Undergrad: 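Right, I'll just put the structure down here and ask away after.
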Amino acid sequence: MTQHFSDLHPPRPERAALDAAYAQIRRDLDAGTAEARAGAFARWDRERRLFESWCSLAQLRFSQDTTSETAKADRDHADRLAPEATRLDVEIKRRLLAEPDRARLEAELGAHRVRLWETDVTTFEPAIAPALEEEARLAADYTALLASARLKVGGEEVNLSGLAPFQESLDRDTRHVAEQARWSFFAGHGARLDELFDQLVHLRHGMARTLGFDSYTTLGYRRMRRVDYGPGQVAAFRAQVLEHVVPLVGRLLEQRRAAQGWERLQAWDESLVDPLGNPRPAGGHDLLVERAQTMFDRMGDGFSGFFRQMNEGGFLDLRNRPGKAGGGFCTSFPDVGWPFIFANFNGTNHDITVFTHEMGHALQNWMSRDLGSIDVLWPTMEAAEINSMGLEFLTWPHMDLMVEEGAAERFRRMHLVTSLAFLPYGVCVDHFQHEIYANPDMDPAARHALWQRLERLYMPWRDWGDLDYPAKGGRWQAQLHIYRAPFYYIDYTLALCVAMQLWLLSRTNPELATARYLSLCARGGSAAFSDLVNEAGLVSPFAEGALAGVVQEAAAFLEL
Ligand code: ZN
């Protein structure tokens, strides 16, 4: 029987019950017998899966309706309990790491999990629990503030997700008006957004200092569970993007400007990638879901049955509606092994890429559900984004199903151009955050000036025209990750460098590309990023020449 989303009822966690369950785990570990120890590991994993499932459900319900008081109360409950759950987990991890027989622990759990825990335990002390709770509250305030946007454009009232069709309209004035609507919302809430971010930066810096780190950057990397590279390698990668990608994107945009006969390419022209108009999806929600089934049927057993069950089980919420949080994500219910996809279809090509992207995450998560521990259910995010972006590229041959008639090749070209053009922006967001956390006492004006300076470095073509707010450096406030997930953003650019290798391979040997992709998904988070990439026969983005190589091939494909 198919598992149905509406049948999921993980028990609501309470502090007393959590404490009692963990006390039992500790007693079992104290008992010292192999049997009690195995029982403790199993019980612990089960407790963590149940807790995470309930929290995922609470966060999801809130994203589905940010105006619901019940959803908000449940989400607050999850945010309040999360530091307590972390405290209990860290206590057990520390205890196990302190055992004299490290070899035994590694044999039981695998060396990678032990390495993850060594990182995890440095990111928490009970003294920072109130700050963690406050951080979650501020992050949720950001989401709710953006979800409250009601923008008037083209005689319609839309939220930020609903703005996309206007932002990439063939009509230049419509694009301009859409960007005006967007930035007047941000200008109107600029002071609040500055204040929220200022609070977040100081909270994060304070947590880092309490834990004994100089700045939040070290703590941020550890919270991302990066065990195999540091800020130095990331800075070198950003420099590679500056050297190899920025000039290429500049050429692309100059070509577009000349072809359109525009005197200047304005910021609102950048979303119109295809001179004939960005190809639209083949239809609305129902048709796309139906076509997606055909697409995954054609892609083989690894994809077909899984998508059928996701759809029939109600694990998709893809329609845009008022009050729904923006963006798209994949979450999971590890007690039952099922993922869930959240998106906001808006009638543009993004519907297709968001969907294939999140399906990649979902497939990985589902394939990893039995790897033995919730610790490795998800890889670190730069590896996870290969699972998602990889599927964006591997679905290319089937785009005739998903895109409006006759536009599949144009869609593929647009997808590649958009992917390349994303890299400079992606590293700009990352660079900004490194500067922010190195200088936590910057005032809001200095933060805007910093963004403006970095934008000129990585996107020298950007011309905001009469859009004063972003022209003065306010663009970063629209980037959710800067508020909610510090240091996450570079992960998309690292992953893209690997996903594009899968794309290149798929053009000459599609079977091998799919096999490598599925084997990567099946490995979940059972190794560090570089190891996962190498094991899948791919090259780390930190390797000499890796980025330049794929970018050169992409330029050749685009005949640049
Ligand atoms: Zn993703």
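Order of appearance sets the numbers: ligands from 1, and atoms from 1 within every ligand. These figures come from a predicted structure and were not determined experimentally. For reference, positions follow the sequence shown, starting with 1.
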Undergrad: Do the two ring centres, one from F487 and one from Y437, sit under 6.0 Å apart?
TA: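 Between F487 and Y437, the centre distance is under 6.0 Å.
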Undergrad: Would you please indicate if the ring centroids of F307 and F355 are separated by under 6.0 Å?
TA: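 Yes, ring centres under 6.0 Å apart.
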Undergrad: After noting the C-alpha distance and the side-chain angles of W338 and F333, does the key distance pass the ring-ring contact (aromatic ring centres under 6.0 Å, His included) rule?
TA: CA-CA 5 Å; W338 281 98; F333 308 107; over 10 Å; no
Undergrad: Any chance you could lay out the side chain to side chain contact (heavy atoms under 4.5 Å, CB included) test for K324 and T66, step after step, and finish with the verdict?
TA: CA-CA 6 Å; K324 193 172 166 179; T66 57; over 6 Å; no
Undergrad: Without swapping roles, check the side chain of R175 against the backbone of W268 for a donor-acceptor pair under 3.5 Å.
TA: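 Checked: pair present.
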Undergrad: Return the number of protein N, O or S atoms with a distance to the Zn ion (ligand 1) smaller than 2.8 Å.
TA: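 Step by step: take the Zn ion (ligand 1), keep protein N, O, S below 2.8 Å, and you get 4.
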Undergrad: Rounded to the nearest 0.5 Å, how far apart are OH of Y492 and CG of L496?
TA: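 Output value for this atom pair is 12.0 Å.
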